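Below is one structure, written out as structure tokens, with a few remarks after it.
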Amino acid sequence: MADVARAGSGGFLSKNPFGNVKDLFIGIGVVVVIVMIIIPLPTVLLDMLMAMNIIFALLVLLTVLYSQKPTEFSLFPTVLLVATVFGLALNVSSTRLILSKGEDFDGRMIRAFSTFVVGSGGSEGLVIGFIIFIIIIAVQAIVITKGATRISEVAARFTLDSMPVKMMAVDTEYSSGAISEEEAQKRKTQIQRESDFYGSMDGASKFISGNVKVGIFIIVVEIIAGIIIGVAIRGQSLGSAADNYISLAVGDGLLTQFPALLISTAMGIVVTRAAATGNLSEQVVEQFTISSRVYWIGTAVLLGFALLPGFPHGVLLVMAVVMGFTAFQVGRKKKREASFNEMMAKTKDGKKGKGEAAEMSPVVPLDALSLELGYGLIPLVDKEKGAELLERVQGVRRQAALELGLVIPKVRIIDNMVLDPSEYCFKIKGVDVGKGKIRMGYFLCINPGTVAEELPGEKTIDPAFGLPALWVSEERRDDAERAGYTVVDPPSIIATHLTEIIRRHSADILGMQDTQAILDTLRKEYPTVVDEVLRPELKMSVIKIQKILHGLLRERVSIRNMVTILEAIAEYAPVSQTVWVLTEKARQALGSQICHQYADEDHRLRVLTIAPELEQKIIESRYETQSGVICAMDPPSQMAWVKAVSKAATAVKNRGYLPVILCSEQARLLVRNSTDRELPDLAVISVPEVTPDIIPEAVGVIRLEGAPSKEGGE
């Protein structure tokens, strides 16, 4: 029972059957506003709600005045609707009480507005109050509401029309590397919010104009119906009934239209600040203190008026003194700013004269990855022509992140007048890593080896893989496809080249800051793994982890499985602090991933093996340096070794297999380093990396020319 009681108290009994209190309050408030139109209210409650209506309208106006941007108060269209309905509900309730009670009506707020606000009693006060009411209605309907409604319509139309252009501009900045992905998403969300906001304001402004018309109608009905009820039902004289009901109607009208006037003013401020940002009061101070000359001119004009006969000399002289003091303060502020700017300029010039210009000039870091285009290729990134290349670059970055586990930095795309018009160039940290030429209006046709009949065309080389290719015109594109060529358009050529650049130079792209970012992101989900690797006893720094990742990326091993990599480092770091040893252990931990990268669908891995005596010779030639181990065979043996590997790899390629060498753990890194320069795409796998689900199948043996075979032949 105790357990049941605890479960009940922690489960069912602890839940609030009414949900969130705030949601409950808002729901009750909306229902009360609707009910107010139907159910009569006590005059005390009516006074409280009318006072609340004025305060609420004032809060809305102040919120608008002190908001940094118009869209910051995104709830304003909804607030405007609720305030309008609330004001109309109060107007209906007050009209019911006035008509039902007549002279006995004891609503103090309406009585106060019908006497104190008007300023005089009797027939004169009624006329003044009625005129003030008409003026407020006219100002609100003709000046504020009509102007704000028109501005809302124009703002909504232009915001909606410019939305696609703004979105495209954000995409262009993101693709060119000017902004980050988070900033691009933030800007797009802001653009969408602006469009929704001004669209809502366009519709919400109609509520104010409707509120004004209904206010006039209610007051007219209240006066006519009140006089009829007072004369026909209550037996009052026409003068007495008119005096009573007109007074109450004017007070009611002023009390309900005053908050509406505040809301209308707030709406006008919101829609007229479409291009403004920052606090309104700060903007007013900043923009009205641009020059002291305008205040000196205003002071002179006031003094001139004060000298004319019939004008209020004292008032004008006081205003002239205030205006002159303002002009003096503004002028002194401008002089201080000018003096400070001049001093800073002299300071900079003085330091430059002393040979310290380098300290004043910030060092601009090089782009991690950039694409430079000749002016003839600029249409590929032109927004008006679709900017197809920008979309391809984004796709390449996303694909690289999935394949390599490396978040590729923004690719900055710039034009370079030094390049040929049809030339492009990839750079990593300012160093050229790949170039190519594009013939605009033509397609690159690559022979995959199955073309039976060659087409006439301008011969060239595929920039990504160095394969023979042809340039053909768009008219002959279909002929090339039917002939078996792989046809590639200009944006795809550059995108494919970028993909290959990233694969070959991913280690150069990964910086120390990127490594730290990877660890910080991983720590959120796997804090134990990251903390274990970076604990002081292991002496593993970020730079060591970066070098291990470099070793993996150089051989095109994805680092997406960072958890497994860090676990392997944490396991073997107590045994060895050597980077290349830990890299090998990380490879073995990723063995299944590496093997499946080269195996076929049947999990069969075709490999080249090395003759035992040759492998032993490679192991014996091992020489350890500060940057790792290398194969230090004599030059003739090295040349013969590379030639043998190249010959075996070519034979495997001709059979349709990828060249993969399987060797012992001791020889793997030596084999890789000794063939890296001549055969950069060669994959080398050690025996411990082969997982049980992989079936290795030898398709050739690498041996030096003239060496005896297994059977003992030459």
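Quick caveat: nothing in here was measured; it's all calculated off a predicted structure.
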Taking atom [atom1] as the centre, does [X] end up with more than 12 heavy-atom neighbours from other residues, nucleotides or ligands that are less than 6.0 angstrom away?
X      : atom1 : result
Glu481 : CD    : yes
Glu537 : CD    : yes
Gln616 : CD    : yes
Met440 : CE    : yes

State whether [X] and [Y] are salt-bridged, where the test is any N-O pair (Lys NZ or Arg NE/NH1/NH2 against Asp/Glu carboxylate O) under 4.0 Å.
X      : Y      : answer
Lys585 : Glu571 : no
Lys435 : Asp420 : no
Glu475 : Arg477 : no
Lys617 : Glu613 : no
Glu403 : Arg556 : no
Asp531 : Arg523 : yes

Arg439 vs Ser422, side chain to side chain donor-acceptor pair (under 3.5 Å): CA-CA, chis, key distance, verdict:
CA-CA 6 Å; Arg439 288 199 63 180; Ser422 60; over 6 Å; no
Search all heavy atoms of [X] against all heavy atoms of [Y] and return the closest pair with its distance.
X      : Y      : result
Glu388 : Asp489 : OE2-OD2, 3.8 Å
Cys425 : Asp432 : SG-OD1, 3.4 Å
Thr691 : Ser592 : CG2-N, 3.4 Å
Pro463 : Ile493 : CG-CG2, 3.8 Å
Ile661 : Val671 : CD1-CG1, 4.2 Å

Under 4.5 Å between any side-chain heavy atoms of [X] and [Y], yes or no?
X      : Y      : answer
Val645 : Leu679 : yes
Gln593 : Leu590 : yes
Lys429 : Asp508 : no
Glu458 : Leu470 : no
Val629 : Tyr623 : no
Val652 : Leu658 : no
Leu519 : Leu566 : yes
Met417 : Tyr375 : yes

Pair listing, ring pair (Phe, Tyr, Trp, His ring centres under 6.0 Å) test, anchored in residues 572-621, at least two apart:
His596-His603
Ring pair (Phe, Tyr, Trp, His ring centres under 6.0 Å) contacts in which one or both residues fall within residues 409-433, not counting sequence neighbours
Tyr424-Phe426, Tyr424-His497, Phe426-His497
What's the separation between atom [atom1] in [X] and atom [atom2] in [Y], rounded to the nearest 0.5 Å?
X      : Y      : atom1 : atom2 : answer
Ile501 : Leu369 : CD1   : CG    : 8.5 Å
Leu534 : Met540 : CG    : CE    : 8.0 Å
Ile518 : Leu510 : CD1   : CG    : 5.5 Å
Gln638 : Cys631 : CD    : SG    : 5.5 Å
Leu404 : Gln399 : CG    : CD    : 9.5 Å

Has [X] got a side-chain atom pairing as donor or acceptor with [Y]'s backbone, closer than 3.5 angstrom?
X      : Y      : value
Arg703 : Ala611 : no
Ser637 : Met633 : no
Arg672 : Leu682 : yes
Tyr485 : Leu455 : yes
Asp415 : Glu372 : no
Ser674 : Leu670 : yes
Arg668 : Val687 : no
Glu615 : Ser664 : yes
Gln577 : Leu538 : yes
Asp600 : Arg604 : yes

Do Thr564 and Asn561 have a side chain donor and acceptor closer than 3.5 Å?
yes
Show your reasoning for whether side chain to side chain contact (heavy atoms under 4.5 Å, CB included) applies to Asp479 and Arg476.
CA-CA 5 Å; Asp479 296 337; Arg476 306 203 62 181; 4.1 Å; yes
Stepwise side chain to side chain donor-acceptor pair (under 3.5 Å) check, Glu689 with Ser686:
CA-CA 5 Å; Glu689 294 173 20; Ser686 66; 3.1 Å; yes
Please test Ile565 against Val563 for side chain to side chain contact (heavy atoms under 4.5 Å, CB included), starting from the C-alpha separation and ending with a verdict.
CA-CA 5 Å; Ile565 295 172; Val563 175; over 6 Å; no
Under the criterion side chain to side chain contact (heavy atoms under 4.5 Å, CB included), I'd like the reasoning laid out for Leu371 against Arg412: C-alpha separation, chi angles, the key distance, then a yes or no.
CA-CA 6 Å; Leu371 169 60; Arg412 189 177 299 277; over 6 Å; no
Check step by step if side chain to side chain contact (heavy atoms under 4.5 Å, CB included) holds for Val393 and Leu498.
CA-CA 8 Å; Val393 170; Leu498 173 61; 4.1 Å; yes
Could you work out, with ring pair (Phe, Tyr, Trp, His ring centres under 6.0 Å) as the rule, every residue matching His505, not counting sequence neighbours?
none
